[in-house]
Amino acid sequence: LCISAVPFYTFGVFFKQLEQAFGWSRTQLSSGPFVYLIVLAVASPFVGRIIDRFGVRLPLAVSMLGLAASFALLGSAMHSFPAFLAIHAGMAAVGAAASPLTYTRVVNEWFSTARGLALGLILMGTGVAGALGPPFVTAVMGSYGWRAGYFALAAVVLAGMPLVLWLLHGKEDGPGQERTPVALRTDGMSLAAAIRTAVFWRIGILFL
């Protein structure tokens, strides 16, 4: 989960050097993360459906590769502001399965006892990303420049990928098997039934 949170906590670290390199304003640079978040929000329900159908390992593997490729593109192919926006949009679209959506789904399936504790423990990963990500990127950029900072993030994602997929090994159903979280199996509630409840919409509004 720490790896999935890296984009959120490192966007702003690049701003100063990108300002110097391209002459873009802070407003322009802030639009990259904004586009990322909008595309991620739109993509998440579709990713959730894909995970329901195929499990977590395949979508997660594809998304981690996409996330690493996006960082590499930011370091190598970003020469204009439209490219800056396009790569951020693509990063959100292809990397949406490497998000808390996937990891919390795994916890909901694995744990029926102490599920809240398990969720709390994995969500510590976002704090780790916030604490370690910016200093790491700053150090790399201080020595090798902003492009190297993006390449370093790509390397971090790729380095973590085998461990993540190994930890998830053996917990998947076959392709085409409908996968429903333990909590929903217990209640016997379908999506159609859930969206007719006030609780569903209150939670959705709070998250939004």
Side-chain angles (χ1 to χ4, degrees), residues 1-15 17 30 32-41 43-44 47-48 50-51 54-75 87-111 114-144 146-172 181 207:
L1 194 63
C2 175
I3 293 172
S4 74
V6 163
F8 293 100
Y9 291 104
T10 58
F11 281 137
V13 180
F14 292 90
F15 280 11
Q17 290 203 19
S30 297
F34 176 74
V35 167
Y36 175 91
L37 291 172
I38 292 298
V39 174
L40 184 62
S44 290
V47 171
I50 290 171
I51 291 172
F54 297 102
V56 297
R57 291 189 80 223
L58 179 60
L60 180 58
V62 172
S63 277
M64 293 189 78
L65 287 174
L67 190 60
S70 298
F71 281 131
L73 284 173
L74 284 170
I87 295 172
H88 277 82
M91 179 189 296
V94 301
S99 70
L101 169 69
T102 301
Y103 297 101
T104 54
R105 169 62 179 265
V106 171
V107 171
N108 283 331
E109 290 187 338
W110 284 12
F111 291 88
R115 184 180 295 148
L117 175 61
L119 285 167
L121 289 171
I122 69 158
L123 289 169
M124 289 171 61
T126 59
V128 173
L132 301 182
F136 168 71
V137 174
T138 299
V140 173
M141 289 196 300
S143 299
Y144 304 104
W146 65 268
R147 293 189 185 276
Y150 283 123
F151 291 138
L153 290 178
V156 166
V157 175
L158 290 177
M161 184 176 170
L163 176 62
V164 171
L165 296 180
W166 176 71
L167 287 172
L168 296 179
H169 180 71
K171 297 294 184 181
E172 300 300 324
F207 273 118

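Hydrogens, waters and symmetry mates are skipped; everything else that's a heavy atom, side chains included, is used. Numbers here are sequence positions counted from 1. Worth saying up front: this structure is predicted, and the values here are computed from it rather than measured.
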*Are L153 and F14 close enough that some pair of their side-chain heavy atoms sits under 4.5 Å apart?*
yes
*Heavy-atom side-chain contact between V6 and V157 under 4.5 Å*: no
*What pair of heavy atoms forms the shortest contact from I3 to G160, and how long is it?*
CD1-CA, 3.5 Å
*asked:* Are F8 and S99 packed together at the side-chain level, in the sense that at least one heavy-atom pair is separated by less than 4.5 angstrom?
replied: no
*Are S30 and F11 close enough, and set up right, to give a side-chain contact (heavy atoms from CB on, under 4.5 Å), and what steps lead you there?*
CA-CA 8 Å; S30 297; F11 281 137; over 6 Å; no
_Nearest-0.5 Å distance that lies between atom CG in L73 and atom NE2 in H88_ = 11.5 Å
*asked:* Any non-hydrogen side-chain atom of S70 less than 4.5 Å from a side-chain atom of V94?
replied: yes
*Whether T104 side chain and L101 backbone form a donor-acceptor pair below 3.5 Å*: yes
*asked:* I need the C2 SG to M124 CE distance, nearest 0.5 Å.
replied: 11.0 Å
*side-chain contact (heavy atoms from CB on, under 4.5 Å) partners of T126, counting only residues at least two apart*: L1, A5, Y9
*Is L123 close to Y103 at the side-chain level, that is, under 4.5 Å between some pair of heavy atoms?*
no
_Exactly one of L132, V140, T138 should register a side chain to side chain contact (heavy atoms under 4.5 Å, CB included) with F136. Which one does?_
V140
*V107 versus A118, closest heavy-atom pair with distance*: CG1-CB, 3.7 Å
*Answer whether the closest heavy-atom distance between the side chains of P7 and F71 falls below 4.5 Å.*
yes
*Between CE on residue M141 and OH on residue Y150, distance to nearest 0.5 Å*: 8.0 Å
*CD1-CZ distance between I51 and R105, expressed to the nearest 0.5 angstrom*: 7.0 Å
_If we ignore hydrogens and angles and just use 3.5 Å, is the side chain of T10 paired with the main-chain N or O of P134 as donor and acceptor?_
no
*So, do I50 and F54 sit near enough that their side-chain heavy atoms are less than 4.5 Å apart?*
yes
*Taking all heavy atoms of R115 and all of N108, pick out the closest pair and write down the distance.*
CD-OD1, 3.2 Å
_For L119 and F111: C-alpha separation, side-chain torsions, deciding distance, then whether side-chain contact (heavy atoms from CB on, under 4.5 Å) applies._
CA-CA 9 Å; L119 285 167; F111 291 88; over 6 Å; no
*asked:* Holding to side-chain contact (heavy atoms from CB on, under 4.5 Å), I want the full list of residues that pass it with A92, two or more places apart in sequence or in another chain.
replied: Y36, V39, L40
*Which atoms form the tightest heavy-atom contact between S63 and A98, and what is the distance?*
CB-N, 3.4 Å
